[in-house]
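Below is one structure, written out as structure tokens; the observations come after it.
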Amino acid sequence: MQLIGTLFDGPLDIVGDIHGEIDALNALLAHLGYDERGDHPDGRRLVFVGDLVDRGPDSPAVLNQVRALVEAGHAQCIIGNHELNLLRDDEKHGNSWWTAPDKETEHPMQKITRSAKAELTRWLETLPLALEREDLRVVHACWNDASVELLRELNGPDWHIADLYADYQRELYEKMAELRFMNQVKKEWAQFGPRLADPDWDAQFMPFKAELDRRSQMDNPISVLTSGEEETADAPFWAGGRWRMVSRVKWWERYDADIPVVFGHYWRRFKDASIVLSDKYGPDLIEGVEPHHWMGKRNNVYCVDFSVGARAGQRAANEDELVCSLAAVRWPEAEVVHDDGRRFSLEAP
Ligand SMILES: [Mn+2]
């Protein structure tokens with residue numbers, strides 16, 4: 001399979017993270033001009049940046065719809081960190097509809113059946129981790145040249161992303177065990193591990209845990225592309241219910257290539273974004289960047305994830321759901337279209 005694939009030719013509509021919000025997807029596709037079969041009168045085609053699932057009410061419907069669009073040749077789709085969790089059957093907050101369908105969920109959610117799960121797993125295994133062409137790159141979280149290069153060299157028929165991910169993790173742990181590093185991690189864990197989920201802990205920096213966490217992310221190119229670059233934090237910080245020793249990197253401030261990148265993942269928000277938005281990863285990395293401006297060192301990088309994944313929480317809290325939205329970037333027009341029909345021009349990259 002193509003881990004790094006080739007983007008369709010012609011005009012594209014690149015859709016941000018959907019997170020199970022099937023109504024938002026249908027509304028957005030209608031505003032973009034697609035009919036119910038996914039045909040567009042101007043021959044446009046869709047690209048999905050991943051994170052189709054979790055948090056919203058109907059992840060199976062979104063998967064089925066995107067799969068049908070892909071199989072009909074109307075769309076391409078790449079893997080996000082949430083699809084990676086599904087492929088690994090790794091239970092995380094918001095994905096029990098897939099990993100543990102008998103469990104009660106925080107918000108109402110359509111569950112997956114056993115047979116649909118097997119079939120959708122086979123489909124997800126066919127999806128690439130990034131797409132590229134001469135004038136554009138699309139990835140879920142981060143375009144990192146070294147990681148893309150490693151994966152591009154592996155393009156071939158036999159890969160399963162979940163197996164490849166497990167290989168990278170195993171290699172790292174073997175390397176760290178040889179260096180007797182894991183003994184240090186264990187010692188540190190015995191001393192401080194139980195406090196990591198205690199907000200009242202006078203948090204100590206844990207250098208061995210920090211290094212293991214950093215390398216688990218950065219030595220695995222699948223992790224880099226699907227959830228971004230990370231670095232050792234200056235001090236422990238509290239986010240998403242635990243103390244963390246590594247923090248996310250604004251990789252776009254280092255991105256120095258001519259080719260623009262469109263990606264999702266980072267839960268960008270409008271200025272007055274509501275309180276239910278996740279604090280899972282700590283600070284908002286896109287704070288201060290206008291919602292419809294290019295960003296980064298070369299002003300040619302754009303995040304199209306407008307946090308529609310927070311809508312389930314907003315519904316439950318009776319908040320204005322339109323603070324968060326689903327959006328798409330039209331290319332080459334460089335226009336952003338939201339699921340309520342609002343349109344904004346990006347400046348030239
Ligand atoms: Mn993501």
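In this text, all values refer to a predicted model and were calculated from it rather than measured experimentally. All ligand and atom numbering here is 1-based and tracks the order in the structure. Scope of the values below: all heavy atoms of this structure, side chains included, with no hydrogens, waters or symmetry mates.
- At a cut-off of 2.8 Å, measuring from the Mn ion (ligand 1), the protein N, O or S atoms that fall short of it are Asp51 OD2, Asn81 OD1, His140 NE2, His265 ND1, waters left aside.
- A centroid separation of less than 6.0 Å is found between the aromatic rings of Phe263 and Trp251.
- In this structure, Arg244 is not positioned above the aromatic face of Phe237 in the sense of NZ or CZ being under 6.0 Å from the six-membered ring centre and within 45° of the axis.
- Applying the ring pair (Phe, Tyr, Trp, His ring centres under 6.0 Å) criterion to His160, with sequence neighbours excluded, gives no partner residue.
- Residue pairs satisfying the salt bridge (charged side-chain N to carboxylate O under 4.0 Å, His left out) criterion with at least one member in residues 17-35, sequence neighbours excluded, are listed as follows: Glu21-Arg315.
- Annotation: side chain to side chain donor-acceptor pair (under 3.5 Å) contacts involving residues 193-215, sequence neighbours excluded, comprise Arg195-Asp198, Lys209-Asp213, Glu211-Arg214, Arg215-Asp219.
- Centroid-to-centroid, the aromatic rings of Tyr266 and His140 stay 6.0 Å apart or farther.
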